[in-house]
Trainee: 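Below is one structure. I have some questions about it.
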Amino acid sequence: MRKIHIIGLGLLGGSFSLGLRAALPNLTITGMDHNQTHLEQALQLGIIDEAKTTPDRDTDIVVVAIPVHTIIPVLEDLLDKVSEQTLVMDFGSTKENICAGLADHPNRKNFLAAHPIAGTEYSGPKAAFPDLLKEKIMILCEMEKTDIHLKAKAYTTFEALNMKIRFMEAHDHDNQLAFVSHLSHISSFMLGKTVLDKMQDDKNILDMAGSGFASTVRLAKSSPDMWAPILQENKDNVLEALNGYIRNLTEFRDHLAYEQFEDLRKIMKKTNQIGEILDLKN
């Protein structure tokens, strides 16, 4: 492993680079970002050694960490040009459309569909840090379609970061992430909007906000430029998750409206088990 090229030098791309620099100090890392300020920051922060619009022919891995609605044409262009020794890997938060879009590409064997389950509410190179991906889950889809020798290069980076590998079908990935990730962001955005709407009448309402509100609304600080495309790409699965969520909210509202307080208590008591499940997983 000698050379890595990263397209998209924000939180994920930048953290992948910084983490590998700490673990594999002899790497040369080049990169590109359409945002000139981000590109300059990535150079200043040591995320990349050099800015390049295209990877060298002897690059081991090219990572594409850009908004999901822009990924397919970038991947197609890369796969048209890279050598047989180069693995192209994307970090998109949705996988089904990407895998389908590349299914018939002549160099499909050079591609690995990957999604690191890691992130914060912040974005850009300045948000990146070396331990973001440490001991986190890396989901891989359609592994059987990737050349075995190129997969070994990816595993070298995952092992260097102590990541945990999980294999999933692309559709299952998108469906499950709609519930445990995408819905969480929607909930946070809409809670934030509800309070902002209330602030039009009660300017000082946030003086009453405690840590519970802050933790629940934290994801509302996430980048709309990243999350709007994710919701667009995963529309059907997100709608399924939203419909279930809205049904539960409506049921909860109705119990409250009709003073069915024991039913409310039972719903909340039953939902307590999510904490036990998460504790066991951790």
Side-chain angles (χ1 to χ4, degrees), residues 8 10-12 65-72 90-99 113-124 127 132 136-137 139 141 166 168-200 202 205-206 208-257 264 267-268 270-275 277-278 281-282:
L11 175 66
L12 280 180
I66 59 178
V68 289
H69 67 308
T70 65
I71 283 180
I72 291 178
D90 88 286
F91 280 176
S93 296
T94 61
K95 294 268 83 79
E96 190 168 17
N97 288 346
I98 293 171
C99 289
H115 180 202
I117 306 300
T120 72
E121 65 271 33
Y122 303 108
S123 58
L132 176 68
K136 299 298 193 304
I137 292 173
I139 296 176
C141 299
R166 298 289 184 272
M168 294 186 71
E169 294 297 326
H171 173 76
D172 292 341
H173 167 277
D174 288 7
N175 183 260
Q176 292 179 25
L177 266 291
F179 283 83
V180 299
S181 174
H182 306 169
L183 184 60
S184 301
H185 283 78
I186 295 170
S187 299
S188 190
F189 275 115
M190 290 303 97
L191 173 59
K193 182 182 184 303
T194 302
V195 173
L196 289 173
D197 290 345
K198 178 65 173 173
M199 281 183 67
Q200 295 178 18
D202 297 309
I205 187 172
L206 286 182
M208 304 299 105
S211 59
F213 176 79
S215 62
T216 308
V217 82
R218 174 180 65 85
L219 295 177
K221 294 184 282 185
S222 300
S223 168
D225 292 334
M226 180 179 79
W227 276 97
I230 290 172
L231 301 178
Q232 174 185 333
E233 290 291 302
N234 204 25
K235 183 189 76 171
D236 290 343
N237 291 309
V238 170
L239 285 174
E240 179 189 343
L242 267 176
N243 288 337
Y245 188 44
I246 291 168
R247 281 195 300 272
N248 283 324
L249 284 175
T250 301
E251 180 185 13
F252 196 95
R253 182 202 62 194
D254 290 347
H255 284 320
L256 185 61
L264 285 184
I267 289 173
M268 291 187 285
K270 184 176 181 180
T271 307
N272 280 161
Q273 66 181 301
I274 194 70
I277 295 169
L278 290 173
K281 289 181 68 66
N282 295 327

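Every value quoted in this text rests on a predicted model; they were computed, and no experiment measured them. The figures here come from the full heavy-atom set of this structure, side chains too, leaving out hydrogens, waters and symmetry mates.
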Trainee: Report the residues that fulfil ring pair (Phe, Tyr, Trp, His ring centres under 6.0 Å) with His255, sequence neighbours left out, ordered by chain and then residue number.
Mentor: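 Residues passing ring pair (Phe, Tyr, Trp, His ring centres under 6.0 Å) with His255: none at all.
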Trainee: If you define the side chain from C-beta out and look only at heavy atoms, does anything of Gln176 sit under 4.5 Å from Met168?
Mentor: yes
Trainee: Are the side chains of Leu219 and His185 in contact, using a 4.5 Å heavy-atom criterion?
Mentor: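 A side-chain contact under 4.5 Å exists here.
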Trainee: Show me the donor-acceptor pairs, under 3.5 Å and distance only, between side chains in residues 229-244 and residues at least two apart or in other chains.
Mentor:
from	atom 1	to	atom 2	distance (Å)
Glu233	OE1	Asn97	ND2	3.1
Asn234	OD1	Asn237	ND2	2.8
Asn234	ND2	Asp174	O	2.9
Asn234	ND2	His182	ND1	3.2
Asn237	OD1	Asn175	ND2	3.0
Glu240	OE1	Asn175	ND2	3.0
Asn243	ND2	Leu239	O	3.2

Trainee: Is there side-chain contact between Ile267 and Glu251, with heavy atoms separated by less than 4.5 Å?
Mentor: yes
Trainee: Applying side chain to side chain donor-acceptor pair (under 3.5 Å), can you list everything that pairs with His171, at least two apart in sequence or on another chain?
Mentor: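 His171 satisfies side chain to side chain donor-acceptor pair (under 3.5 Å) with Glu96 only.
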Trainee: Could you walk me through whether Val68 and Asp90 satisfy the side chain to side chain contact (heavy atoms under 4.5 Å, CB included) test, starting with their C-alpha distance in whole Å, then the side-chain angles of each, then the deciding distance to 0.1 Å, before giving a yes or no?
Mentor: CA-CA 9 Å; Val68 289; Asp90 88 286; over 6 Å; no
Trainee: Roughly how far, to the nearest 0.5 Å, is CG of Leu191 from CZ of Phe213?
Mentor: 5.0 Å
Trainee: If the condition is side chain to side chain contact (heavy atoms under 4.5 Å, CB included), which residues does Leu249 pass it with, not counting sequence neighbours?
Mentor: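 Listed in chain order: Tyr245.
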Trainee: Do Ser93 and Trp227 come within less than 4.5 Å of each other through their side chains, counting heavy atoms only?
Mentor: no
Trainee: Mind checking the NE2-OG1 spacing from His69 to Thr94? Nearest 0.5 Å is all I need.
Mentor: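 Rounded to the nearest 0.5 Å, the NE2-OG1 separation comes to 11.0 Å.
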Trainee: Only counting residues at least two apart or in another chain, list the ones meeting salt bridge (Lys or Arg N to Asp or Glu O under 4.0 Å) with Arg166.
Mentor: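 Counting only residues at least two positions away or on another chain, Arg166 forms no salt bridge (Lys or Arg N to Asp or Glu O under 4.0 Å).
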Trainee: Quick one: list whatever passes side chain to side chain contact (heavy atoms under 4.5 Å, CB included) with Thr70, sequence neighbours left out.
Mentor: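 Residues passing side chain to side chain contact (heavy atoms under 4.5 Å, CB included) with Thr70: Ile66, Pro67.
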Trainee: Do Leu264 and Phe252 make a side-chain contact, defined as non-hydrogen atoms from C-beta onward lying under 4.5 Å apart?
Mentor: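 Side-chain contact under 4.5 Å: yes.
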Trainee: To the nearest 0.5 Å, what is the distance between CG on Leu11 and OG1 on Thr120?
Mentor: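 Taking CG in Leu11 and OG1 in Thr120, the distance rounds to 4.5 Å.
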Trainee: Using the salt bridge (charged side-chain N to carboxylate O under 4.0 Å, His left out) rule, collect all pairs that involve residues 209-224, keeping only residues at least two apart or in two chains.
Mentor: Glu121-Arg218, Glu121-Lys221
Trainee: Roughly how far, to the nearest 0.5 Å, is NE2 of His115 from CD1 of Ile98?
Mentor: 10.0 Å
Trainee: List the residues meeting side chain to side chain contact (heavy atoms under 4.5 Å, CB included) with Asp225, not counting sequence neighbours, and say none if there are none.
Mentor: Ser223
Trainee: Which heavy-atom pair separates Phe189 from Ser222 by the least distance, and what is that distance?
Mentor: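 That would be CZ-O, 3.6 Å.
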Trainee: What residues form a side chain to side chain donor-acceptor pair (under 3.5 Å) with Ser188, not counting sequence neighbours?
Mentor: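 Ser188 satisfies side chain to side chain donor-acceptor pair (under 3.5 Å) with no other residue.
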Trainee: Between Thr216 and Gly212, what is the shortest heavy-atom contact and its length?
Mentor: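 Shortest heavy-atom separation between Thr216 and Gly212 comes out as OG1-O, 2.7 Å.
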Trainee: Please enumerate all residues that pass side chain to side chain contact (heavy atoms under 4.5 Å, CB included) together with Asp254, with sequence neighbours excluded.
Mentor: Thr250, Tyr258
